[in-house]
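Step one of this worksheet: look at the structure below.
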Amino acid sequence: QVQLVESGGGLVQAGGSLRLSCAASGRTFSVAAMGWFRQAPGKEREFVATIPRTGSTAYYADSLKGRFTVSRDNAKNTVYLQMNSLKPEDTAVYYCAAVRGGSSWPQTLAPAYDYWGQGTQVTVSS
């Protein structure tokens, strides 16, 4: 099993920035890639970004390219999501997820991920 704990959410004004963290523990050696998703009230869970174990590249939802950056620190078993130029429509619960080895990359669909964090709320005020 892999446990994921997100942190860093909060309330921010439009145009501001936040950095989310996701700390992984447990059988982290089995994880091939990490991803971020978000879910706004009344909407389906939406893919944000994913990064493979190596951290050498990343893949983003087209609508978020240029504003969001995903990175990882394997020594700390932590993945980050830097969010800049935030907009009210970015308001959502943000989830960290992990996919086991053996899967192709990138994976953008939620069912492809094996482990999930509890989520952290991000609220952007106008």
Side-chain angles (χ1 to χ4, degrees):
Q1 287 287 348
V2 174
Q3 293 77 43
L4 303 174
V5 179
E6 302 98 333
S7 60
L11 174 64
V12 63
Q13 289 187 334
S17 298
L18 279 177
R19 188 177 81 155
L20 306 183
S21 299
C22 173
S25 61
R27 298 172 63 90
T28 56
F29 60 86
S30 68
V31 172
M34 301 290 291
W36 286 97
F37 288 76
R38 67 184 184 182
Q39 189 166 17
K43 295 188 177 181
E44 293 188 353
R45 194 163 295 190
E46 174 188 24
F47 169 74
V48 174
T50 181
I51 186 167
R53 174 184 291 276
T54 62
S56 59
T57 187
Y59 185 82
Y60 299 90
D62 287 342
S63 61
L64 300 176
K65 286 180 182 177
R67 294 196 299 122
F68 288 18
T69 303
V70 61
S71 61
R72 65 189 300 163
D73 183 338
N74 287 339
K76 296 181 178 179
N77 286 326
T78 300
V79 176
Y80 304 97
L81 183 67
Q82 177 68 43
M83 306 183 294
N84 299 326
S85 301
L86 284 162
K87 305 174 181 180
E89 51 263 42
D90 294 319
T91 295
V93 177
Y94 284 71
Y95 296 91
C96 173
V99 60
R100 289 193 296 256
S103 301
S104 61
W105 186 89
Q107 293 287 347
T108 63
L109 299 179
Y113 287 77
D114 301 293
Y115 306 105
W116 291 84
Q118 82 288 352
T120 185
Q121 176 71 46
V122 171
T123 303
V124 184
S125 63
S126 58

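These values consider heavy atoms only, across backbone and side chains, with no hydrogens, waters or symmetry-generated copies. If you read the sequence from its start, that first residue is 1, and numbering goes on from there.
- The CG atom of L109 sits 9.5 Å away from atom CZ of F47, with the distance rounded to the nearest 0.5 Å.
- Closest non-hydrogen pair, S17 versus S85, comes out as OG-N, 4.3 Å.
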Before giving the answer on side chain to side chain donor-acceptor pair (under 3.5 Å), spell out for D73 and T78 the whole-Å C-alpha distance, their side-chain angles and the decisive distance to 0.1 Å. CA-CA 5 Å; D73 183 338; T78 300; over 6 Å; no

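- Using modelled atom types, no side-chain atom of T91 and backbone atom of E89 make a donor-acceptor pair closer than 3.5 Å.
- Distance check: M34 CE to C96 SG gives 3.5 Å after rounding to the nearest 0.5 Å.
- L20 and G9 make their closest contact through CD2-N, 3.6 Å (heavy atoms, listed as atom of the first residue, atom of the second, distance).
- If you chain together hydrophobic residues whose side chains sit under 4.5 Å apart, W105 and L81 never meet in one group.
- The ring of Y95 has its center no closer than 6.0 angstrom to the ring center of F37.
- Here the closest non-hydrogen pair linking V48 and F68 is CG1-CD2, 3.7 Å.
- R100 contributes atom CZ, which lies 9.5 Å from atom CZ of R27 (distance to the nearest 0.5 angstrom).
- Between G101 and A32, the closest heavy-atom pair is CA-CB, 3.5 Å.
- The side-chain contact (heavy atoms from CB on, under 4.5 Å) test applied to Q13 returns S125, not counting sequence neighbours.
- Rounded to the nearest 0.5 angstrom, K65 NZ and Y59 OH are separated by 6.0 Å.
- For the residue pair T50/Y113, the side-chain donor-acceptor check at 3.5 Å is satisfied.
- Residues V99 and I51 do not share a hydrophobic cluster, defined by chaining ILVMFWY side chains whose heavy atoms lie under 4.5 Å apart.
- In this structure, N74 contributes its side chain and R53 its backbone to a donor-acceptor pair below 3.5 Å.
- For residues 30-43, the pairs satisfying side-chain hydrogen bond (donor to acceptor under 3.5 Å, both in side chains) are R38-E46, R38-D90, R38-Y94, Q39-R45, with sequence neighbours left out.
- Closest heavy-atom contact between S56 and T54: OG-OG1, 2.9 Å.
- Although no hydrogens or angles enter the test, the distance criterion places no donor-acceptor pair under 3.5 Å between the side chain of R72 and the main chain of Y80.
- Nearest heavy-atom pair, S126 versus A14, reported as atom, atom and distance to 0.1 Å: CA-CB, 4.4 Å.
- Partners of V12 by side-chain contact (heavy atoms from CB on, under 4.5 Å), not counting sequence neighbours, listed by chain and number: L18, L86, V124.
- Under the 4.5 Å side-chain heavy-atom criterion for grouping Ile, Leu, Val, Met, Phe, Trp and Tyr, Y60 is connected to M83 within one hydrophobic cluster.
- Side-chain atoms of N77 do not come within 3.5 Å of backbone N or O of A23 as any donor-acceptor pair.
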